[in-house]
Participant: 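The structure follows.
Lettering follows sequence order; numbering is per chain, from 1.
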Amino acid sequence: MTYQVLQSEKGKAIKMWTDGVPVELDAQKQLMDTAKMPFIFKHMAVMPDVHLGKGSTIGSVIPTKGAIIPAAVGVDIGCGMMAACTTLTASDLPDHLYQIRSAIETAVPHGRTPGGRDKGAWSDPGSEVDAMWAALLPGFKAITQKYPHLEKTNHYKHLGTLGTGNHFIELCLDEQNRVWIMLHSGSRGVGNAIGNHFIELAQADMRQHIANLPNRDLAYFEEGSQHYNDYVEAVGWAQDYARRNRMVMMQNVIAALKQVIKKPFDATVEAVNCHHNYVQKETHFGQEVLVTRKGAVSAQKGQLGIIPGSMGAKSFIVRGLGNEEAFCSCSHGAGRVMSRTQAKKKFTVEDQIAATKHVECRKDADVIDEIPMAYKDIDAVMHAQRDLVEIVHTLRQVVCVKG
DNA sequence: ATGTCC
């Protein structure tokens with residue numbers, strides 16, 4: 001058995017795959033609060049990248065029956081990773097990778113480019129965006145009939161855009177020197193608006209009893225209520241938007257590479273496309289339950305997933321082992337060991353340059369919060385979840401575009 | 001994380 005059990009008072013058990021990695025006390029406290037909710041199904045599962053999060057603990061799997069907690073998914077609905085393997089190898093890449101990074105930065109609107117055209121929205125979306133939006137539109141119309149204020153969001157102009165923070169696009173090499181494209185993003189402005197709205201609705205609906213909850217982020221909708229049904233519909237749509245957002249970006253990154261690299265190549269456009277911030281109905285222990293994964297990835301037996309390391313460290317393509325005790329899940333990354341503010345205080349631009357020596361990426365003061373030392377040791381994290389996933393490919397980054 | 005406001 002490679003998990004430890006944290007037993008909360010009057011709560012369900014918390015099974016933690018954290019062998020050899022630290023678990024902060026404030027994260028343990030947050031997990032124990034969640035485990036007290038009466039509708040938690042069987043137990044909670046905790047991944048080795050666990051840390052304190054806003055709304056719920058990052059790296060946790062929260063199975064519920066009869067209720068749903070919108071703040072557990074949070075506002076970055078459908079956030080996740082996509083990876084595609086190309087027929088290129090390292091020797092097909094130019095000696096200087098700056099032009100590749102620059103081509104990607106031009107092809108995909110993103111948040112942090114100095115002097116960038118806007119705050120990461122399209123000024124003129126192309127035909128791929130139109131086609132992808134057409135698939136999302138019927139679902140969006142059904143939602144905005146009930147929640148018309150969501151029409152005011154940047155839904156269409158954000159489709160195929162990266163965002164900010166730790167959202168990124170990378171080129172990586174695997175153990176055979178094959179070139180992979182990896183990207184990390186979510187449902188952008190519209191998913192954020194949906195998340196925030198339903199978090200507020202849940203708190204308003206429960207205002208008579210909210211003081212009885214361990215904290216107000218545990219406000220929930222009960223199955224059968226109108227808001228429960230509306231949230232399940234809206235969060236599912238935002239997750240679909242996030243998945244398609246990543247697909248549009250992948251198409252445009254491939255097109256950008258084809259402009260810079262003269263050798264013809266193919267890419268498996270949907271190799272892996274996985275959420276790590278989401279909720280969906282699943283069957284576990286013979287029962288239909290809602291599974292909320294906050295900073296956790298589905299790892300059903302044989303299912304492929306993506307576990308990125310920090311910039312300059314390794315990333316992994318993994319295959320699920322279908323560990324039912326973990327509700328068939330694995331970690332979503334290395335996990336932070338310090339906040340963005342702490343990282344900016346502790347490290348310098350020189351530290352950042354040294355830590356990302358082998359990666360073509362920005363190395364200025366504005367990206368120090370993503371320095372590898374702000375994250376846990378990815379090898380320790382992988383070891384702690386050895387009975388959840390097996391490693392299929394080990395990738396190292398050579399180009400990174402930060403959002 | 002995002003959008004908006006300070």
Side-chain angles (χ1 to χ4, degrees), chain A residues 30 49 51-60 69-82 108-113 116-123 136 140 143-144 147-169 183-201 217 231 234-235 237-246 248-249 274-279 292-297 308 310-311 332-336 338-344 366-370 374-375 400-403:
Chain A
Q30 191 179 36
D49 55 348
H51 58 107
L52 184 74
K54 178 161 170 51
S56 70
T57 317
I58 318 288
S60 66
I69 307 170
V73 175
V75 297
D76 196 4
I77 296 170
C79 185
M81 297 287 309
M82 182 167 181
V108 181
H110 58 286
R112 276 182 180 179
T113 301
R117 52 193 152 186
D118 49 45
K119 289 159 86 178
W122 292 107
S123 45
L136 288 161
F140 191 59
I143 294 164
T144 52
Y147 302 94
H149 75 283
L150 295 170
E151 284 169 16
K152 295 194 193 99
T153 58
N154 241 336
H155 42 80
Y156 163 69
K157 289 199 166 185
H158 269 176
L159 191 57
T161 71
L162 187 62
T164 61
N166 64 348
H167 289 167
F168 62 78
I169 301 171
L183 54 89
H184 175 215
S185 187
S187 55
R188 309 288 285 103
V190 64
N192 187 293
I194 288 170
N196 269 315
H197 186 69
F198 282 94
I199 290 167
E200 284 166 18
L201 268 183
D217 285 328
Y231 179 63
V235 80
W237 180 86
Q239 287 162 193
D240 190 26
Y241 179 105
R243 188 187 302 279
R244 292 174 184 276
N245 179 39
R246 293 189 289 268
V248 174
M249 280 188 278
C274 59
H275 301 316
H276 53 224
N277 241 15
Y278 70 114
V279 57
T292 298
R293 292 193 179 87
K294 173 65 162 267
V297 175
S310 61
M311 177 163 56
H332 83 310
R336 295 193 77 91
M338 67 185 77
S339 71
R340 293 177 184 280
T341 320
Q342 285 174 309
K344 286 198 174 191
D366 285 345
V367 293
I368 291 177
D369 52 345
E370 286 292 325
Y375 288 85
C400 180
V401 173
K402 285 286 176 195

Participant: Look at A/Arg188 and B/dA1 and indicate whether a side-chain polar atom (N or O) is within less than 4.0 Å of OP1 or OP2.
Facilitator: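 So the side-chain polar atoms of A/Arg188 never come under 4.0 Å of the phosphate oxygens OP1 or OP2 of B/dA1.
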Participant: Rounded to whole Å, please give me the gap between CG in A/Asn192 and P in B/dT4.
Facilitator: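 The answer, rounded to whole Å, is 10 Å.
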Participant: Can you measure A/Glu200 atom CD to B/dG3 atom C1' for me and round it to whole angstrom units?
Facilitator: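 These atoms are roughly 13 Å apart.
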Participant: On DNA chain B, does the nearest nucleotide to A/Val75 precede the nearest nucleotide to A/Lys152 from the 5' side, or the other way round? Give the residue.
Facilitator: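 Closest to the 5' end, via its nearest nucleotide, is A/Val75.
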Participant: Just jot down the side-chain hydrogen bond (donor to acceptor under 3.5 Å, both in side chains) partners of A/His275, sequence neighbours excluded, or say none.
Facilitator: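 In terms of side-chain hydrogen bond (donor to acceptor under 3.5 Å, both in side chains), with neighbours along the sequence ignored, A/His275 is linked to A/Arg243, A/Arg246.
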Participant: Closer than 4.0 Å, any side-chain N/O of A/His158 to the OP1 or OP2 of B/dT2?
Facilitator: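 Checking B/dT2 against A/His158, no side-chain N or O comes under 4.0 Å of OP1 or OP2.
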Participant: Please check: side-chain N/O of A/His158 versus main-chain N/O of A/Gly189, any donor-acceptor pairing under 3.5 Å?
Facilitator: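 Checked: pair present.
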Participant: May I have the distance from A/His332 (atom NE2) to B/dA1 (atom C1'), rounded to whole angstrom?
Facilitator: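 Rounded to whole Å, this separation is 13 Å.
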Participant: To the nearest angstrom, how far is A/Ile58 atom CD1 from B/dA1 atom P?
Facilitator: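 Rounded to the whole Å, the gap is 9 Å.
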Participant: In whole angstrom, what separates A/His197's NE2 from B/dA1's P?
Facilitator: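 Rounding to the nearest Å, NE2 of A/His197 and P of B/dA1 are 23 Å apart.
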Participant: If only side-chain N and O atoms of A/Asn154 are considered, is one of them under 4.0 Å from the OP1 or OP2 phosphate oxygen of B/dT2?
Facilitator: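 A/Asn154 to B/dT2 OP1/OP2: no side-chain N or O under 4.0 Å.
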Participant: Rounding to a whole Å, what distance do you find between A/Ile77:CD1 and B/dG3:P?
Facilitator: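 Spelled out: CD1 on A/Ile77 to P on B/dG3 is 13 Å.
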Participant: With sequence neighbours left out, write down each residue that passes ring pair (Phe, Tyr, Trp, His ring centres under 6.0 Å) with A/Phe140, or none if nothing qualifies.
Facilitator: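 Per chain and number, A/Phe140 pairs via ring pair (Phe, Tyr, Trp, His ring centres under 6.0 Å) with A/Trp133, A/His155, A/Trp237.
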Participant: Any chance you could lay out the ring pair (Phe, Tyr, Trp, His ring centres under 6.0 Å) test for A/His184 and A/His276, step after step, and finish with the verdict?
Facilitator: CA-CA 10 Å; A/His184 175 215; A/His276 53 224; 5.0 Å; yes
Participant: Return the value, rounded to whole Å, for the distance between atom NE2 of A/His149 and atom P of B/dT2.
Facilitator: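 Interatomic distance, NE2 of A/His149 to P of B/dT2: 17 Å.
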Participant: Taking NE2 from A/His184 and P from B/dT2, how many angstroms apart are they, rounded to a whole number?
Facilitator: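 Interatomic distance, NE2 of A/His184 to P of B/dT2: 10 Å.
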